[in-house]
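Okay, so here's the structure we're looking at.
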2 protein chains.
Amino acid sequence: MDWRAIVGGNVRRLRQARQMTQEQLAFDADLDLTYVGGIERGKRNPSLLVLARLAKALGVTPADLIRE
Amino acid sequence: MDWRAIVGGNVRRLRQARQMTQEQLAFDADLDLTYVGGIERGKRNPSLLVLARLAKALGVTPADLIRE
DNA sequence: ATGTGACTTTTAGTCCGTA
DNA sequence: TTACGGACTAAAAGTCACA
């Protein structure tokens, strides 16, 4: 079970469904855009509080980002 | 919304429901017992992979740990 | 059996660039 | 607009002694 890839896929799917760019999402979540890209590609291991900021920016709960 | 406290409460509740000590949970999740204690008290900001290890040791999904 | 502070080591997360 | 690398800084991971 590769949780980083699961979270990455969820973030990308939700972001694209909202017609947002990585840059816009990064701005809303107050994160670096290269870091958001890394998360979407499953290369990063984000902390709970980063997941919470991404979830808020996407209008979902943190749990939604970790759902398979 | 204090996600660290929410996760901490969930971990503690699930652990106690299983009649496990912090030490037993720490062993199963391959973490230090003082670190598990810190998470339960909402003092730590665990990463996705640490949450996944705790969830596995508790027999739930990582999303269950972040549920309010 | 758990809470806590003070640590050191490792990695998360930022900022710069190129393509 | 995104991927990716290098160099950096902030914070998480992980450990310990003691209450």
Side-chain angles (χ1 to χ4, degrees):
Chain A
M1 204 105 35
D2 186 350
W3 292 107
R4 293 184 302 180
I6 288 168
V7 167
N10 285 332
V11 169
R12 177 159 292 181
R13 176 176 46 77
L14 291 163
R15 174 179 65 79
Q16 291 178 334
R18 284 155 182 72
Q19 314 237 54
M20 295 172 77
T21 65
Q22 289 182 353
E23 188 172 16
Q24 290 171 320
L25 175 56
F27 180 82
D28 291 350
D30 198 23
L31 292 168
D32 194 87
L33 91 127
T34 68
Y35 188 56
V36 171
I39 288 172
E40 289 193 359
R41 279 176 271 123
K43 302 298 184 189
R44 294 290 187 156
N45 177 29
S47 71
L48 172 62
L49 296 183
V50 162
L51 290 172
R53 278 149 63 194
L54 281 171
K56 186 175 183 184
L58 289 166
V60 298
T61 67
D64 289 329
L65 297 184
I66 309 184
R67 192 154 293 120
E68 298 179 67
Chain B
M1 204 112 27
D2 186 349
W3 293 107
R4 294 184 302 181
I6 289 167
V7 167
N10 285 332
V11 169
R12 177 158 293 181
R13 177 176 46 76
L14 291 163
R15 173 178 66 78
Q16 290 177 335
R18 285 155 182 70
Q19 316 240 52
M20 296 172 76
T21 65
Q22 289 182 351
E23 187 172 16
Q24 290 171 321
L25 174 57
F27 179 83
D28 292 349
D30 197 23
L31 293 168
D32 193 89
L33 85 136
T34 67
Y35 187 58
V36 171
I39 289 172
E40 288 194 0
R41 278 176 274 121
K43 300 301 182 187
R44 297 282 189 156
N45 179 24
S47 72
L48 173 60
L49 297 183
V50 164
L51 290 172
R53 279 149 67 190
L54 281 170
K56 186 175 182 183
L58 289 166
V60 298
T61 67
D64 289 329
L65 297 184
I66 308 183
R67 194 153 293 123
E68 298 178 69

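Fair warning: this is a prediction, and the values are worked out from it, not measured in the lab. Each chain gets a letter, A, B and so on, in the order its sequence line appears, and its residues count up from 1.
- Residue A:Arg15 places no side-chain N or O under 4.0 Å from the OP1 or OP2 atom of D:dT1.
- Tracing side-chain contacts under 4.5 Å through hydrophobic residues (I, L, V, M, F, W, Y), one reaches B:Val60 starting from A:Ile6; they form part of the same cluster.
- Rounded to a whole Å, the CG atom of B:Leu54 is 13 Å from the C1' atom of D:dG14.
- In terms of position on DNA chain C, the residue among B:Arg12 and A:Arg4 whose nearest nucleotide sits closer to the 5' end is B:Arg12.
- Under the side chain to side chain contact (heavy atoms under 4.5 Å, CB included) test applied with A:Thr34, the options A:Leu31, A:Val36, A:Asp32 reduce to a single match, A:Asp32.
- Note: the hydrophobic cluster containing A:Leu49 also contains B:Leu54 (ILVMFWY, side chain heavy atoms under 4.5 Å, direct or indirect links).
- As a whole-Å value, the separation of B:Arg44 CZ from C:dA12 C1' is 15 Å.
- Residue A:Ser47 places at least one side-chain N or O closer than 4.0 Å to OP1 or OP2 of C:dG13.
- Spacing between atom CD of A:Gln19 and atom P of D:dT1 amounts to 13 Å, rounded to whole angstrom units.
- The separation between B:Asp32 atom CG and D:dG14 atom C1' is 6 Å, rounded to whole Å.
- Between the side chain of A:Arg53 and the backbone N or O of A:Ala29 there is at least one donor-acceptor pair closer than 3.5 Å.
- Heavy-atom nearest nucleotides on DNA chain C were determined for B:Leu49 and for B:Glu23, and the one closer to the 5' end corresponds to B:Glu23.
- When distances run from any side-chain atom of B:Gln22 to the nucleotides C:dT2, C:dG17, D:dA12, the shortest one goes to C:dT2.
- Here D:dA12 presents its P atom at 12 Å from CG of B:Leu51, a figure rounded to the nearest Å.
- Nucleotide D:dC18 holds its C1' atom 13 Å from the CG atom of B:Leu33, rounded to whole Å.
- Residue contacts for A:Asp30: at a heavy-atom cut-off of 4.0 Å it reaches the sugar-phosphate backbone alone, with no base atom in range.
- Not a single donor-acceptor pair, N or O on each side, falls under 3.5 Å between the base of D:dC4 and the side chain of A:Thr34.
- Side-chain proximity of B:Thr21 to the nucleotides C:dA1, C:dG17, D:dA13 is greatest for C:dA1.
- Annotation: side chain of B:Met20 is in contact with side chain of B:Asp28 (closest heavy-atom distance under 4.5 Å).
- For the pair A:Leu31 CG and D:dA11 P, the computed distance is 13 Å after rounding to whole Å.
- In this structure, CZ of B:Arg53 is placed 5 Å from P of D:dG14, rounded to the nearest angstrom.
- Proximity of A:Arg41 to the phosphate of D:dA3: a side-chain N or O atom is located under 4.0 Å from OP1 or OP2.
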